[in-house]
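A short worksheet on the structure shown next.
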Amino acid sequence: MKKLYLLLIVGIFACFAWSCSDDDDNDITVPESELPMAAKSFISEFYPAEKVVKVKKENSNGVISYDVAFASGLDIDFDAAGQWTDVDAPKGQTLPLGIVPDQIMEYITETFPTLGVNEISRDKFGYEVELVNGRDLYFDTNFNFIP
């Protein structure tokens, strides 16, 4: 009877460990040349001197995206069409002008004149901006600040 309980406990633990495992089976490393043309253009326009160290193609429930890591610590995520979804500069550094939409940049310049943007993310709901001091700001799809 003790062996049966031990076997049951081991079985439950194995199932629990398996269910908690990281599901990266659909993520593969690909060469930079496999990035969509729009992503390549974005990189060459805003980060021509940066060295790409890894491109990961991710497939999450049929949705393709790319995560590009650079030697400097810069990280950019692109959707399947090559449009950026997240641009994250190394800690304390700012993003180049032209990445942050003008309307959002105007608000930041007026409200936080001494701070730059360290990270920007966008999705179907709008934009999330992180300033170099760590403060997060939110904007809707029409670039209106959300307090």
Side-chain angles (χ1 to χ4, degrees), residues 7 9-147:
L7 184 61
I9 290 171
V10 169
I12 290 172
F13 179 74
C15 288
F16 179 74
W18 175 68
S19 70
C20 292
S21 68
D22 191 11
D23 188 18
D24 284 340
D25 294 340
N26 296 326
D27 297 351
I28 58 172
T29 300
V30 297
E32 185 179 356
S33 61
E34 283 195 33
L35 284 171
M37 185 54 75
K40 291 179 198 176
S41 296
F42 180 87
I43 292 169
S44 65
E45 178 180 350
F46 292 104
Y47 297 101
E50 290 282 347
K51 180 179 177 3
V52 173
V53 293
K54 187 174 186 180
V55 176
K56 189 166 61 169
K57 183 176 182 181
E58 302 170 345
N59 183 346
S60 179
N61 297 324
V63 177
I64 303 294
S65 62
Y66 298 89
D67 181 13
V68 183
F70 296 81
S72 67
L74 171 70
D75 190 67
I76 306 174
D77 295 339
F78 296 98
D79 63 17
Q83 300 301 310
W84 66 266
T85 56
D86 184 78
V87 183
D88 187 5
K91 186 174 174 102
Q93 295 185 19
T94 59
L95 300 179
L97 293 176
I99 293 178
V100 179
D102 291 339
Q103 301 91 323
I104 293 175
M105 206 60 225
E106 286 174 20
Y107 175 84
I108 293 170
T109 303
E110 290 173 9
T111 312
F112 305 97
T114 61
L115 298 175
V117 175
N118 177 257
E119 180 179 3
I120 186 167
S121 301
R122 70 174 165 202
D123 60 21
K124 64 182 178 180
F125 302 110
Y127 297 82
E128 179 180 351
V129 175
E130 181 183 312
L131 302 178
V132 292
N133 69 350
R135 182 174 184 155
D136 290 328
L137 306 174
Y138 301 91
F139 298 85
D140 65 19
T141 55
N142 294 320
F143 313 111
N144 298 308
F145 176 68
I146 302 170

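For the pair Asp140 (side chain) and Asn142 (backbone), a donor-acceptor distance under 3.5 Å is present. Checking side-chain atoms of Ser44 against main-chain N and O of Ser41 turns up a donor-acceptor pair under 3.5 Å.
The two atoms that bring Pro113 and Glu110 nearest to each other are CD-O, 4.1 Å, heavy atoms only. For the pair Tyr66 and Asp79, the tightest heavy-atom approach, listed with the atom from each and the gap, is CD1-O, 3.8 Å. When all heavy atoms of Glu32 and Val55 are compared, the closest pair comes out as CA-CG2, 3.9 Å. Summarising the geometry of Lys57 relative to Val30, their closest heavy-atom pair is CB-CG1, 4.0 Å, with the distance given to 0.1 Å. The two residues Pro36 and Ala80 have their closest heavy-atom pair at CG-O, 3.3 Å. Taking each heavy atom of Ala81 and Ala38 in turn, the nearest pair found is O-CB, 3.6 Å.
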Requested in this report: Just do the side chain to side chain contact (heavy atoms under 4.5 Å, CB included) check on Ile43 and Phe70 with the steps written out, would you?
Outcome: CA-CA 11 Å; Ile43 292 169; Phe70 296 81; 4.0 Å; yes
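Rounding to the nearest 0.5 angstrom, the gap separating the CD1 atom in Ile120 from the CD1 atom in Ile108 is 7.0 Å. Glu58 contributes atom CD, which lies 5.0 Å from atom NZ of Lys56 (distance to the nearest 0.5 angstrom). Atom OG of Ser72 and atom NZ of Lys51 lie 11.5 Å apart (nearest 0.5 Å). To the nearest 0.5 Å, atoms OG1 (Thr141) and CZ (Arg122) are separated by 12.0 Å. Rounding to the nearest 0.5 Å places CG of Asn144 at 9.5 Å from CD1 of Ile104. For the atom pair OG1 of Thr29 and CD of Glu34, the computed distance is 10.5 Å after rounding to the nearest 0.5 Å.
Test Tyr138, Phe145, Phe143, Phe139 against Tyr127 for ring-ring contact (aromatic ring centres under 6.0 Å, His included) and you get one pass: Phe143. Between Asp88 and the choices Ile76, Leu74, Asn118, the side chain to side chain contact (heavy atoms under 4.5 Å, CB included) rule is met once, by Asn118.
Using cut-offs of 30° and 60° on the angle between ring planes, the pair Phe42 and Trp84 is tilted.
Heavy atoms of other residues, nucleotides or ligands lying less than 6.0 angstrom from CG of Leu97 number 12 at most.
Between Thr94 and Val117, the closest side-chain pair of non-hydrogen atoms is not below 4.5 Å.
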